[in-house]
2 protein chains.
Amino acid sequence: MKKINAKKGTLLQRKGDISSKVYLVESGLLRSYTIDEKGKEHIYMFGPENWLVADNCEPNTPCQLFIDAIEDTIINVATKEELLKEGPDLNALLRRLDTMQNRIIMLMSSNAKERYEHFTKTYPNIIQRVPLKMVASYLGITPEALSRVRHQLSKKK
Amino acid sequence: MKKINAKKGTLLQRKGDISSKVYLVESGLLRSYTIDEKGKEHIYMFGPENWLVADNCEPNTPCQLFIDAIEDTIINVATKEELLKEGPDLNALLRRLDTMQNRIIMLMSSNAKERYEHFTKTYPNIIQRVPLKMVASYLGITPEALSRVRHQLSKKK
DNA sequence: GCTATGCATTGATGTACATCAAGAAATGAC
DNA sequence: GTCATTTCTTGATGTACATCAATGCATAGC
């Protein structure tokens with residue numbers, strides 16, 4: 001477990017890397033994302049304080065995610081082996097599965113407006129800290145679409 | 001750990017249930033799914049032989065998923081507590097996270113055709129065993145759209 | 001200060017997929 | 001076997017969102 005200090009913009013891991021690490025965020029904000037064959041970026045997860053950010057790829061296979069720092073961030077880095085040895089936090093794992101399940105259900109059943117509303121409720125602190133285009137990327141819509149959703153919601157009030 | 005025999009069509013768990021169980025499939029096929037506010041069904045997961053099917057909801061909260069048997073199925077049922085006590089299979093959990101991650105990335109970056117092709121590659125045995133409309137529901141598209149994708153693919157050969 | 005770069009918004013147009021409706025084919029009940 | 005139900009397909013139409021392009025605002029570099 002090594003503590004490192006990543007300046008805003010630092011790339012910690014790139015798609016295709018084999019030795020994927022696990023990043024425990026102490027302060028700041030990380031993000032993990034892919035870039036698809038069409039060159040489009042899709043944010044998989046934001047990692048604020050106390051989050052564990054990692055690619056879930058199988059051991060010894062190239063990982064799928066880029067991970068970088070959106071803010072100056074202090075992180076504890078470990079290998080997966082280290083983490084497994086010291087007995088991982090089961091509850092955290094289960095919570096993680098719950099989060100993923102919610103995300104999948106949301107992606108399958110909600111439209112742009114519903115996704116945005118869900119996001120603002122679930123991550124009220126993150127929305128202040130990242131550009132809207134990243135929120136859009138996380139939600140699976142374009143910045144333009146998000147802008148229009150927000151416009152529409154602000155009028156209704 | 002109780003062994004039960006679920007006839008095709010049996011509903012094992014419904015959305016809103018509190019005491020969500022864990023189902024280890026011995027033979028047959030389960031499926032877990034939600035129904036959204038618009039009444040639409042979305043398949044979250046298929047559970048063939050040796051799969052663990054469960055709602056990942058937090059303990060003591062109403063779960064989100066229905067679980068039923070698509071074929072006559074033999075299952076071992078346990079509570080989450082039981083499973084946690086006897087030390088869960090960490091590798092299985094990590095593999096599960098990997099699967100979820102892939103699903104999320106696919107939902108965000110692939111169109112109907114790509115999703116279908118990915119599914120046939122990843123689950124070649126399941127596609128034979130379920131009606132196409134369930135495949136469509138798993139992929140997050142309508143049966144009509146799936147039909148057209150398949151038509152288009154068959155012509156290209 | 002000025003200029004360059006990135007971000008958000010707005011409008012015009014395009015498109016992938018949904019929805020609706022009808023018919024054909026397969027499956028199941030009895 | 002026959003009838004009913006479900007599944008799959010096909011066509012016509014609708015719509016949510018993407019894409020493309022232009023503009024206004026910030027912010028950052030120097």
Side-chain angles (χ1 to χ4, degrees), chain A residues 7-11 29 31 33 35-43 46 68-72 106-120 126-157, chain B residues 7-11 29 31 33 35-43 46 68-72 106-120 126-157:
Chain A
K7 274 233 161 297
K8 175 174 174 171
T10 309
L11 190 60
L29 185 59
R31 116 226 217 229
Y33 61 100
I35 298 180
D36 67 27
E37 327 76 51
K38 300 150 207 153
K40 276 190 60 177
E41 207 176 282
H42 304 277
I43 295 185
F46 292 110
D68 67 9
I70 300 184
E71 302 172 353
D72 293 352
M106 200 198 62
L107 285 172
M108 291 205 298
S109 61
S110 302
N111 62 24
K113 192 175 123 219
E114 291 162 346
R115 290 181 198 188
Y116 174 67
E117 290 178 318
H118 181 263
F119 184 83
T120 54
I126 293 202
I127 205 167
Q128 334 271 10
R129 294 160 67 180
V130 304
L132 286 173
K133 59 172 219 158
M134 288 193 187
V135 175
S137 168
Y138 179 90
L139 296 178
I141 60 177
T142 57
E144 292 95 329
L146 179 56
S147 173
R148 284 184 248 261
V149 163
R150 283 164 53 88
H151 178 75
Q152 186 196 337
L153 286 173
S154 69
K155 265 201 313 198
K156 255 204 295 204
K157 291 283 161 87
Chain B
K7 274 234 162 294
K8 175 174 173 170
T10 308
L11 190 60
L29 185 60
R31 115 226 218 230
Y33 61 100
I35 299 179
D36 66 27
E37 327 76 50
K38 302 149 205 152
K40 276 189 62 177
E41 205 176 283
H42 304 277
I43 295 184
F46 292 110
D68 67 9
I70 300 183
E71 303 173 353
D72 293 353
M106 200 199 62
L107 285 171
M108 290 206 297
S109 61
S110 302
N111 61 24
K113 192 177 123 218
E114 291 162 345
R115 290 181 198 188
Y116 174 67
E117 290 178 318
H118 181 264
F119 184 83
T120 55
I126 293 203
I127 204 165
Q128 334 270 9
R129 293 160 67 181
V130 305
L132 286 173
K133 60 171 219 158
M134 287 193 187
V135 175
S137 168
Y138 178 89
L139 297 178
I141 59 177
T142 57
E144 293 95 327
L146 178 57
S147 174
R148 285 185 248 260
V149 163
R150 283 165 53 87
H151 178 74
Q152 186 197 336
L153 286 173
S154 69
K155 265 200 312 198
K156 254 203 296 205
K157 289 285 162 83

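Values reported hereafter were calculated over all heavy atoms of this structure, with side chains retained and with hydrogens, waters and symmetry mates removed. In what follows, every chain begins at residue 1, and chains take the letters A, B, ... in the order their sequences are listed.
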Exercise. If we only count heavy atoms from C-beta on, is the F46(A) to I70(A) side-chain gap below 4.5 Å?
Worked result: yes
Exercise. Do Y116(B) and L153(B) come within less than 4.5 Å of each other through their side chains, counting heavy atoms only?
Worked result: yes
Exercise. Atom CG of L107(B) to atom C1' of dC17(C): distance rounded to whole Å?
Worked result: 15 Å
Exercise. Would a 4.5 Å heavy-atom cut-off, applied to side chains only, mark P131(A) and M134(A) as touching?
Worked result: yes
Exercise. Side chain of S137(A), backbone of I43(A): donor and acceptor closer than 3.5 Å?
Worked result: yes
Exercise. Quick one: K38(A) NZ to dA18(D) P, roughly how many Å, whole number?
Worked result: 12 Å
For this session: Quick one: pull up OG1 in T120(A) and CZ in R150(A) and give me the separation to the nearest 0.5 Å.
Result: 9.5 Å
Problem set entry | Spacing between K133(A) atom NZ and dT19(D) atom P, to the nearest angstrom | 14 Å
For this session: In whole angstrom, give the distance that lies between atom NZ of K113(A) and atom P of dA16(D).
Result: 11 Å
Exercise. Do L107(A) and R115(A) come close enough that some side-chain heavy atom pair is under 4.5 Å?
Worked result: yes
Exercise. Rounded to whole angstrom units, what separation is found between the CG atom of N111(B) and the C1' atom of dC17(D)?
Worked result: 14 Å
Problem set entry | Residue whose nearest DNA chain D nucleotide is more 5′ - L132(B) or R148(B) | L132(B)
For this session: When you get a sec, tell me which of dT9(D), dT10(C), dT7(D) is the closest nucleotide to the side chain of R150(B)?
Result: dT9(D)
Exercise. Which value, rounded to the nearest 0.5 Å, describes the distance between M106(A) atom CE and H118(A) atom NE2?
Worked result: 6.5 Å
Seminar exercise, completed: In whole angstroms, the gap separating P of dT15(C) from CD of Q152(B) amounts to 15 Å
Exercise. Between the two ends of the helix from dG1(C)-dC30(D) to dC30(C)-dG1(D), what is the bend in degrees, rounded to 10 degrees, where each end axis spans five pairs?
Worked result: 60°
For this session: Measure from CG on D72(B) to P on dG28(C) and round the result to the nearest Å.
Result: 12 Å
Exercise. Hey, is the main chain of S109(A) close enough, under 3.5 Å, to the side chain of K38(B) for a donor-acceptor pair?
Worked result: yes
Seminar exercise, completed: Contact check, residues 134-146 of chain A vs DNA chain C, heavy-atom distance under 4.0 Å, returns E144(A)
Exercise. So which one's nearest nucleotide on DNA chain C is more toward 5', V149(B) or K8(B)?
Worked result: V149(B)
For this session: Check the distance between dC7(C)'s P and I70(A)'s CD1 and give it to me in whole angstrom.
Result: 11 Å
Exercise. Under 4.0 Å between a side-chain N/O of H151(B) and OP1 or OP2 of dT10(D), yes or no?
Worked result: yes
Problem set entry | D72(B) side chain to K7(B) backbone, donor-acceptor under 3.5 Å | no
